[in-house]
A.B. asks: 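Please find one structure pasted underneath; my questions will follow.
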Amino acid sequence: MFNLHYKRGTSAPAEIRTLGGVDVSTLHAAGCSACPLNYVLSNYHPHMVPRGPSNAEVYVLAEAPGQREDERGAPLVGPSGQCLDLRVPDEWRSRVRYNNVVRTRPPDNREPSDVEIECCRPSVVGDIEAACPRVIIGLGNVSLYWATGQVGIAKWRGRRLPVRVGRHACWYFPVVHPSAILRSRKFAPRNASEYGSDDELAFAHDIRRAFSSLPTLPEPVIHTREFAESDVSWVTGHGDGDLSRVSSFLERAAAAPVAGVDLETNAKRPYPEDSRILTAAVSVRGEALAFAVDHREAGWSPADRNAVVELFYEFLTRARGRKAVHNLAFELEWAAVHLGRDITRAGRWDCTMSQAYILDERNRMGHRPDPLSLEFLGIQYFGINVKSLSRLNRDALDSEPLTDVLRYNGIDAKYHRLLLSAQQRRLDDEGLAAVYEEHLRRVPTMVLTQVQGVPIDLSVTRELDATYHAEMAEQARLVQDTDLARQFQGRFGVPFSPTSNQDVRRLLGLAGVDSVAADEAAVAQLGDNPAREPLTRFKKLAKAHSTYVAPQLRRMWPDGRLHSTISTTNTRTWRTAAEDPNTQNWPKRSGEKRVRRQVVALPGYEIVSFDWGQIQARNVAMESLDPVLVRALWDDYDIHLEWMQRIVQLHPAWVEGGPRALADPAVTKKYRDRAKNELVFPFLFGAEGETVAGYLGVPKRVGIQLSEEFWDKFRGVRRWQESKYEQVRELGYVSGLTEFRRRAPIAKNEIINAPIQADESAIVCDAMDRLSRVDLQAFLEVHDDLTFMWPRRRHDEYVSRALAIMLSPTYEWARVVPTVVEMSVGSDWYSMRDAGKFRSNTWGQ
DNA sequence: CGAAGCTGCGCG
DNA sequence: AAAGCGCGCAGCTTCG
């Protein structure tokens, strides 16, 4: 029963009225006398009392007593308690009070049921009220759900949220349950400076953070529905004074230091002909106004409607303060398309989603709500679920009553403003204000990129579609022609369908095996059966067609472009991500490169691409300032060739045919590339000697020898890697030259990779931003690659303007090595030709 | 019937 | 071809 709510996470405890037909208030009144755990006769200490001082600033709330606790009669005195205790600061150890959500041990350590939890609630609430803690450290999901109605400890841990427990308000710090830490340990730490796993390190920092926050912890504020709805008003366009109300309000709002802004629309994207902004809302201190725009119930005359849009446009372009939006990219895309592109960089725009991302980069972690959603952040900062205040169907707002939409719109705008201030304080406290500013300027740049769109020639798409269908049919026919398929028809009475994995499994007698993994095994099992090759080929074609061709037929917008959504808050490393469709993973080297033929320059234009050469190796040099690596990059010295030679010296058998074979330049190139991919890059990215030996296919001792020599040569890189590991141990996060943070838990290799990806992204996005501001607007960004469509006749002018920007990175730290950019040009994205390699230290000379 | 999880594979 | 990490999507299964 409990588990149902718990797993789905749909209802807060306050909203659960009955359990198994019994009113929750009845359970509360009955307390222990109604608890099913009374019938567990094997328990030594039922109804366990809390441990610690009766008045405590910090209160630890666990799930339920375990075996050891039951034997000794006190909460958290078993292995979990010890695991926790190791992380409690010494000076606090005797000042903490410990309790469980359920005070009697459930049999076999099962999770307590929700009836058991509710029977116990009054006593636990009473104890917390009496203890009056400023901080509750909640262990695990059960405690989290008990106190907040939220589930998903993985996304809540490491944060804090205000909670009300009975008549008491305080801060709740969710942490993973120590029993989970015990399970994931690779070894038992001997002291507080050791961590048995990446998770335990994160756990230790969570606990530490809860204690260290006490001196500066503000009063918890928990918003009520009444508060959320107060001072929110609206106009529908039906009233006489509506237009002047909008006008005078927006005039005041334009002078305010902060204004929350929110749009409601009838579609997700602004490109279709019938896409409309339904309503808009603006919030300033003490006042929020929502107004109808193009909602079907709007009462404006055509002239008044245009006047409202004009007033809104004026406000957006002239507001003197900060315009606060949650998911600014969404708002700006609509504003750019419906009101004008100049709006994207007008005045000061703020994004509360970007703030949240900088404060904690985790997102999309299973359970709803998403940690970057307004819903989640409202709970985190104000203890209120803003979305639950209305029951609108958000996918069809034009069909919902206008006044309901306006109320909802106004409340959202209000919370955009409140959230901006709350998060800005946290950014300032954490020293992250500058990183937020750095992230913020990406938003208009990426919006303009997605508005620009990828030019697609649909006739090519249709041609490819037909070609793929024909080729798939051909492969299918080849499969049908095999004995195997004929046997299938004979046995099952229906023709074999290569599209059906089920058919493939039946064909091979694997019908009982129900998993996708089995399909790979199934094809492999075909051995050299004549069906194998066409079947494999069929699958490849089907995959390429469905991923890179068919979507265009569904997703093309009326302007002949593909407008994927580019997100700047989706990755854990500051990279961008593109979706609907993903335009960052179109085949380039693999067999299906031809799908790129769909991207075609308009007549008189050309596609121009710039690729940052070796950018990640340069990032390692920037991070580590290793003199040998830095020097090599200035001198254009071939590190990979050098290490190829060293491998050969140590282990001549590595080269097929012996070292003499290297006399052939093609062989040398092959082994140089192997040295690059199997030794140099793995080492720079944190691989161990043994792993590298495995990649190279040489004995372990050779790998270890190479690793010693490599780190002898690149001592600075090694020191840098170790300083990053140390940073995570000390601070609980890793950051690089951009100061962007990736938080624990974080694996060893992720620690090295995160700063590299963040720096890489910073360099490319910074260039992209500066290009965008002078009308050199890319339509694609693929991590180390920017792609443009420019007029062919002005090739030289555009290229030199762009190179001047790309070859002079803004960041001082990026200039310790030269920047290298490789250009390619073509009439479409398939037939791109190399068109030069440019280095910052020689260009223009 | 939708949400969520898994696997493989395209790109950097 | 092959590192390590970072993504999104197709196609499937499971779960409630």
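Each chain gets a letter, A, B and so on, in the order the sequences are listed, and its residues count up from 1.
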A.B. asks: Is a side-chain donor or acceptor of A:Trp654 paired with a backbone partner of A:Leu696 at a separation under 3.5 angstrom?
C.D. replies: yes

A.B. asks: For a quick check of understanding: with a heavy-atom distance under 4.0 Å over all strands, which category does A:Lys540 fall into, base, sugar-phosphate or nothing?
C.D. replies: sugar-phosphate

A.B. asks: Name every residue in residues 570-579 of chain A that has at least one heavy atom under 4.0 Å from any atom of DNA chain C, in order of residue number, or write none if there are no such residues.
C.D. replies: A:Asn570, A:Thr571, A:Arg572, A:Thr573, A:Arg575, A:Ala577, A:Ala578, A:Glu579

A.B. asks: Among B:dG10, B:dG12, C:dA2, which is the nearest nucleotide to the side chain of A:Arg674?
C.D. replies: C:dA2

A.B. asks: So, is A:Arg742 near the phosphate of C:dG6, with a side-chain N or O under 4.0 Å from OP1 or OP2?
C.D. replies: yes

A.B. asks: Starting from P on B:dG10, measure out to OH on A:Tyr548 and report it in whole angstrom.
C.D. replies: 7 Å

A.B. asks: Looking at C:dC5, does its base get a donor-acceptor pair with the side chain of A:Gln757 below 3.5 Å?
C.D. replies: yes

A.B. asks: What stems, by residue range, does DNA chain C take part in, given at least 3 consecutive Watson-Crick or G-U pairs under 3.5 Å?
C.D. replies: B:1-12 with C:5-16

A.B. asks: For the pair made of NZ in A:Lys543 and P in C:dG8, what is the distance, rounded to whole Å?
C.D. replies: 14 Å

A.B. asks: Less than 4.5 Å apart, any side-chain heavy atom of A:Arg618 and any of A:Val820?
C.D. replies: yes

A.B. asks: Roughly how many Å is it from NZ in A:Lys676 to P in C:dA1, rounded to a whole number?
C.D. replies: 13 Å

A.B. asks: I need the NE2-P distance between A:His545 and B:dG10, as an integer number of Å.
C.D. replies: 17 Å

A.B. asks: Find the distance A:Ile746:CD1 to C:dC5:P and express it as a whole number of Å.
C.D. replies: 11 Å

A.B. asks: Can A:Arg442 be said to sit on top of A:Trp574's aromatic six-ring, NZ or CZ under 6.0 Å from centre and within 45° of the ring axis?
C.D. replies: yes

A.B. asks: Measure from NZ or CZ of A:Arg596 to the centre of the six-membered ring of A:Trp829, then state whether that distance is under 6.0 Å and the direction lies within 45° of the axis.
C.D. replies: yes

A.B. asks: Taking the six-membered ring of A:Tyr468 (Phe, Tyr or Trp), confirm whether the NZ or CZ of A:Arg594 is under 6.0 Å from its centre and within 45° of its axis.
C.D. replies: yes

A.B. asks: Output the residues of residues 680-690 of chain A in contact with DNA chain C, where contact means a heavy atom of the residue under 4.0 Å from an atom of the strand; sort by number or write none.
C.D. replies: A:Phe681, A:Pro682, A:Phe685

A.B. asks: With heavy atoms under 4.0 Å as the rule, sort A:Asp580 into base, sugar-phosphate or nothing.
C.D. replies: sugar-phosphate

A.B. asks: Looking at the side chain of A:Glu750, which of B:dC11, C:dG6, B:dG10 is the nearest nucleotide?
C.D. replies: C:dG6

A.B. asks: Hey, does A:Gln616 reach any base, or is it just sugar-phosphate, or nothing, if we go heavy atoms under 4.0 Å?
C.D. replies: base

A.B. asks: Could you state the CD-C1' distance from A:Glu592 to C:dA10, rounded to the nearest angstrom?
C.D. replies: 15 Å

A.B. asks: A:Pro551 side chain: which of B:dG10, C:dG6, C:dA10 is closest?
C.D. replies: C:dA10

A.B. asks: Answer yes or no: side-chain N or O of A:Asn582 and base N or O of C:dG8 forming a donor-acceptor pair under 3.5 Å.
C.D. replies: no

